Amino acid sequence: MELINRVYQQQIVNFYSEIKKIVWAYFDKLKNHNREDGAGVAFICRNYIDGNLEKKLTLHEIAEKGNVSKQTLNPIFKKRYGVTVKQYVNNKKIELAKKMLADNKKNLQEISNYLSFVDKSYFVKIFHSITGVTPNKYRHELFDKK
């Protein structure tokens, strides 16, 4: 009887060991797939950015949301969306700034503050680099057309 119990216990240990190997192999494949593809990570990070444009977003913070390192995030993001995380953040903030300029309810300082730019001059610089015109010129062109 004792021999049967030892054999039975050994079979359970072997079975457990085989299951453990299968599970670890599965998780390694899944981890490598997510790193290679990165679509899920990029999607999570993009959604976080889109929902938090009024914040001062850092690459570190965004990478944490995707559960990846900063070094891993940028190549994944660029492969998926064609721009770096910083470029995407700036583009989205400027899109929102254009809508705010069209509303004509806030001045440049208020828009800059709302979108968490370091200061108004940096906001103007980024706006100009993306659109080719200053925010004031953009606003004037909008209202000259109307």
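Residue indices begin at 1 and follow the sequence shown. Predicted, not measured: the structure shown is a model, and the values here were computed from it. Computed over heavy atoms, backbone and side chain alike; hydrogens, waters and symmetry mates excluded.
Under the rule for a side chain to side chain donor-acceptor pair (under 3.5 Å), the partners of Asn113 that lie at least two apart in sequence or sit in another chain are Gln109. Annotation: salt bridge (charged side-chain N to carboxylate O under 4.0 Å, His left out) contacts of Lys21 (sequence neighbours excluded): Glu18. By the side chain to side chain donor-acceptor pair (under 3.5 Å) test, Ser116 is found to be paired with no residue, residues two or more places apart in sequence or in another chain being considered. For Lys86, the side chain to side chain contact (heavy atoms under 4.5 Å, CB included) partners are Thr84, Asn90, Tyr122, not counting sequence neighbours. Partners of Lys99 by side chain to side chain contact (heavy atoms under 4.5 Å, CB included), not counting sequence neighbours: none found. By the side chain to side chain contact (heavy atoms under 4.5 Å, CB included) test, Lys105 pairs with Asp103, sequence neighbours left out. Contacts of Lys65 classified as side chain to side chain contact (heavy atoms under 4.5 Å, CB included), with partners at least two apart in sequence or in another chain: Tyr48.
Contacts classified as salt bridge (Lys or Arg N to Asp or Glu O under 4.0 Å) and involving residues 43-58 (residues at least two apart or in different chains) are given here: Arg46-Asp50. Under the side-chain hydrogen bond (donor to acceptor under 3.5 Å, both in side chains) criterion, the residue pairs touching residues 128-139 are Asn104-Arg139, with sequence neighbours excluded. Here ring pair (Phe, Tyr, Trp, His ring centres under 6.0 Å) pairs that include residues 85-112, with residues two or more places apart or in two chains, are Phe77-Tyr88. Applying the salt bridge (Lys or Arg N to Asp or Glu O under 4.0 Å) definition to pairs two or more places apart or across chains, those involving residues 88-98 are Lys92-Glu95.
A pairwise comparison of heavy atoms in Phe43 and Tyr81 identifies CA-OH, 3.6 Å as the closest pair. Heavy-atom minimum distance, Pro135 versus Leu108: CB-CD2, 3.4 Å. Pairing each heavy atom of Ile76 with each of Ala42, the nearest pair is CG2-CB, 4.1 Å.
With values rounded to the nearest 0.5 angstrom, Met100 atom CE is found 10.0 Å from Asn107 atom CG. The line from CD of Glu64 to OG of Ser69 is 11.5 Å long, rounded to the nearest 0.5 Å. Between atom CD1 of residue Ile111 and atom CG of residue Leu96 there is a gap of 9.0 Å, rounded to the nearest 0.5 Å.
In Asn67, the CG atom is not crowded: 12 or fewer heavy atoms of neighbouring residues, nucleotides or ligands sit closer than 6.0 Å.
In this structure the side chain of Val89 reaches within 4.5 angstrom of the side chain of Ile62, judged on heavy atoms. In this structure the side chain of Cys45 never reaches within 4.5 angstrom of the side chain of Val85, judged on heavy atoms. Two residues are said to be in side-chain contact when any heavy atoms from C-beta on lie closer than 4.5 Å; Leu101 and Phe127 meet this criterion.
Both Val133 and Phe143 belong to a single network of hydrophobic side chains, linked directly or stepwise wherever heavy atoms of I, L, V, M, F, W or Y lie under 4.5 Å apart. The same ILVMFWY cluster, assembled from side-chain heavy atoms under 4.5 Å apart, contains both Ile130 and Leu53.
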